[in-house]
Amino acid sequence: KVVDVWLALGAARLTLHLESLIDPARTLGRIKGRHGHDRSAGPCPFELGLAINVATDLSQLEPHIAHIDYAQFMGIDTIGRQGEPFDPKVLKKIEQLHAAHPETVIQVDGGVTNETAPQLLAAGASRLVVGHAITKAADPNESFSRFSALVETSAPEHEHRAGYTDAMLHPKSTSNADYGEGAHPKSTSNADYGEGALTDTEIEAIAQKANEIRQTIIEMLLAAGSG
């Protein structure tokens with residue numbers, strides 16, 4: 001419901017939690033059609049990914065691999081709070097997805113520390129979302145530099161690409177029509193998202209609040225850097 005807001009604010013990546021979607025294919029298709037996300041027409045204005053929890057079976061993600069730009073694994077069992085303990089079971093799942101789809105960009109969010117980052121990269125992850133390991137570090141700048149160095153040294157093996165092999169473009173259980181690929185509607189409205197869609201006034205209010213939150217985060221980061 002707030003996709004319009006995030007993209008209007010300049011979001012470059014949009015991550016949807018698979019477990020929260022009643023019909024993932026339909027939701028992905030609507031977002032693609034509404035916002036011009038069509039890989040066959042050239043570079044897309046943003047990246048679209050699906051996130052799954054540690055307990056979610058990879059078979060639930062498989063039908064959608066060809067229709068997303070990246071897959072995100074949650075590295076913790078309880079999401080929503082920073083500092084949760086890392087769940088090592090995610091390593092096996094990363095290895096399995098990387099082996100089956102080596103061209104798929106794999107992102108990990110949760111439990112990423114200086115200790116777990118090398119394991120995640122070795123398993124096949126190419127992007128790491130880091131929170132408390134930087135923000136709560138004694139020296140955030142130094143911690144950020146260490147994470148950056150880790151990713152850079154892994155670059156030859158994990159090229160941070162969002163390419164797609166021929167085998168990934170035609171999953172058996174879904175069709176491109178379900179995802180709205182190739183669709184570029186000239187005009188759309190909130191009604192396209194169905195019952196419960198936000199009104200323009202609500203979107204404007206959320207956008208204003210998001211701007212305020214963004215400004216607060218920037219000020220916090222600047223304060224942490226100067227400290």
Side-chain angles (χ1 to χ4, degrees), residues 1-3 6 11-35 37-40 44 46-80 84 86-112 116-117 119-131 154 157-183:
K1 294 180 179 180
V2 295
V3 168
W6 294 121
R13 292 175 188 159
L14 189 64
T15 308
L16 310 179
H17 280 262
L18 181 62
E19 298 83 0
S20 69
L21 304 176
I22 297 176
D23 187 342
R26 184 181 181 186
T27 300
L28 291 170
R30 283 180 171 179
I31 292 173
K32 288 184 174 187
R34 183 178 176 87
H35 298 284
H37 187 290
D38 179 11
R39 295 196 302 266
S40 66
C44 296
F46 62 95
E47 292 184 14
L48 186 59
L50 282 176
I52 63 172
N53 294 330
V54 177
T56 300
D57 194 277
L58 285 178
S59 62
Q60 295 187 40
L61 177 64
E62 182 67 27
H64 313 293
I65 288 293
H67 304 280
I68 57 177
D69 299 306
Y70 63 94
Q72 176 174 297
F73 285 92
M74 301 307 298
I76 55 179
D77 185 51
T78 304
I79 63 176
E84 290 294 305
F86 176 70
D87 191 333
K89 293 194 296 293
V90 73
L91 294 171
K92 185 65 175 179
K93 293 197 171 185
I94 293 173
E95 291 175 353
Q96 292 173 340
L97 183 64
H98 183 59
H101 302 281
E103 298 297 320
T104 296
V105 172
I106 297 176
Q107 181 170 294
V108 181
D109 184 8
V112 180
T116 63
Q119 301 175 57
L120 292 166
L121 293 171
S126 48
R127 290 178 182 164
L128 304 177
V129 180
V130 187
S154 71
E157 182 176 356
H158 309 287
E159 297 181 357
H160 307 266
R161 57 181 178 260
Y164 302 88
T165 64
D166 290 340
M168 294 164 60
L169 293 176
H170 304 287
K172 296 180 180 179
S173 59
T174 55
S175 67
N176 285 340
D178 295 328
Y179 295 87
E181 294 198 354

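- Listed by chain and number, the residues in a ring pair (Phe, Tyr, Trp, His ring centres under 6.0 Å) with Phe46 are His37 (sequence neighbours excluded).
- Ser126 approaches Val105 most closely through the heavy-atom pair OG-CG1, 3.5 Å.
- With sequence neighbours excluded, the residues forming a side chain to side chain donor-acceptor pair (under 3.5 Å) with Asp57 are Ser59, listed by chain and number.
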Inset, instruction - Carefully, step by step, assess Asp69 and Arg39 under the rule side chain to side chain contact (heavy atoms under 4.5 Å, CB included). - result: CA-CA 9 Å; Asp69 299 306; Arg39 295 196 302 266; 3.8 Å; yes
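- Minimum heavy-atom separation, Val108 to Ala125: CG2-CB, 3.8 Å.
- Atom CG in Leu14 sits 12.0 Å away from atom CD1 in Ile68 (nearest 0.5 Å).
- Of all the heavy atoms in Ala71 and Leu97, the pair that sits closest is CB-CD2, 3.8 Å.
- Every residue was checked against the salt bridge (Lys or Arg N to Asp or Glu O under 4.0 Å) condition with Asp109, not counting sequence neighbours, and none meets it.
- At distances below 3.5 Å, not a single donor-acceptor pair connects side-chain atoms of Lys32 with backbone N or O atoms of Leu48.
- When all heavy atoms of Thr116 and Gly111 are compared, the pair lying nearest together is OG1-O, 2.8 Å.
- For the atom pair Leu50 CG and Gln60 CD, the distance stands at 11.5 Å (nearest 0.5 Å).
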Inset, instruction - List the steps, then state whether side chain to side chain contact (heavy atoms under 4.5 Å, CB included) holds for Ile106 with Leu120. - result: CA-CA 10 Å; Ile106 297 176; Leu120 292 166; over 6 Å; no
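- Not counting sequence neighbours, the partners of Gln107 by the side-chain contact (heavy atoms from CB on, under 4.5 Å) test are Arg13, Thr15, Tyr70, Gln72, Arg127, Val129.
- The shortest heavy-atom contact between Ile76 and Gly110 is CG2-C, 3.6 Å.
- Residues forming a side-chain contact (heavy atoms from CB on, under 4.5 Å) with Ile52 (at least two apart in sequence, or on another chain): Leu18, Glu19, Thr56, Leu58, Leu61, Phe73.
- Side-chain contact check for Val3 versus Arg34: every heavy-atom pair is 4.5 Å or farther apart.
- Gln119 CD to Ile94 CD1: the interatomic distance, rounded to the nearest 0.5 Å, is 10.0 Å.
- Going from atom OG1 of Thr104 over to atom CD1 of Ile65 covers 5.0 Å, rounded to the nearest 0.5 Å.
- Annotation: the span from Glu84 atom CD to Ile79 atom CD1 amounts to 10.5 Å, rounded to 0.5 Å.
- Residues satisfying the side chain to side chain donor-acceptor pair (under 3.5 Å) test with Lys89, not counting sequence neighbours, are Asp87.
- To the nearest 0.5 Å, atoms CD (Gln96) and NE2 (His101) are separated by 11.5 Å.
- Looking at every heavy atom in both residues, Asp38 comes nearest to Ser40 through OD1-OG, 2.7 Å.
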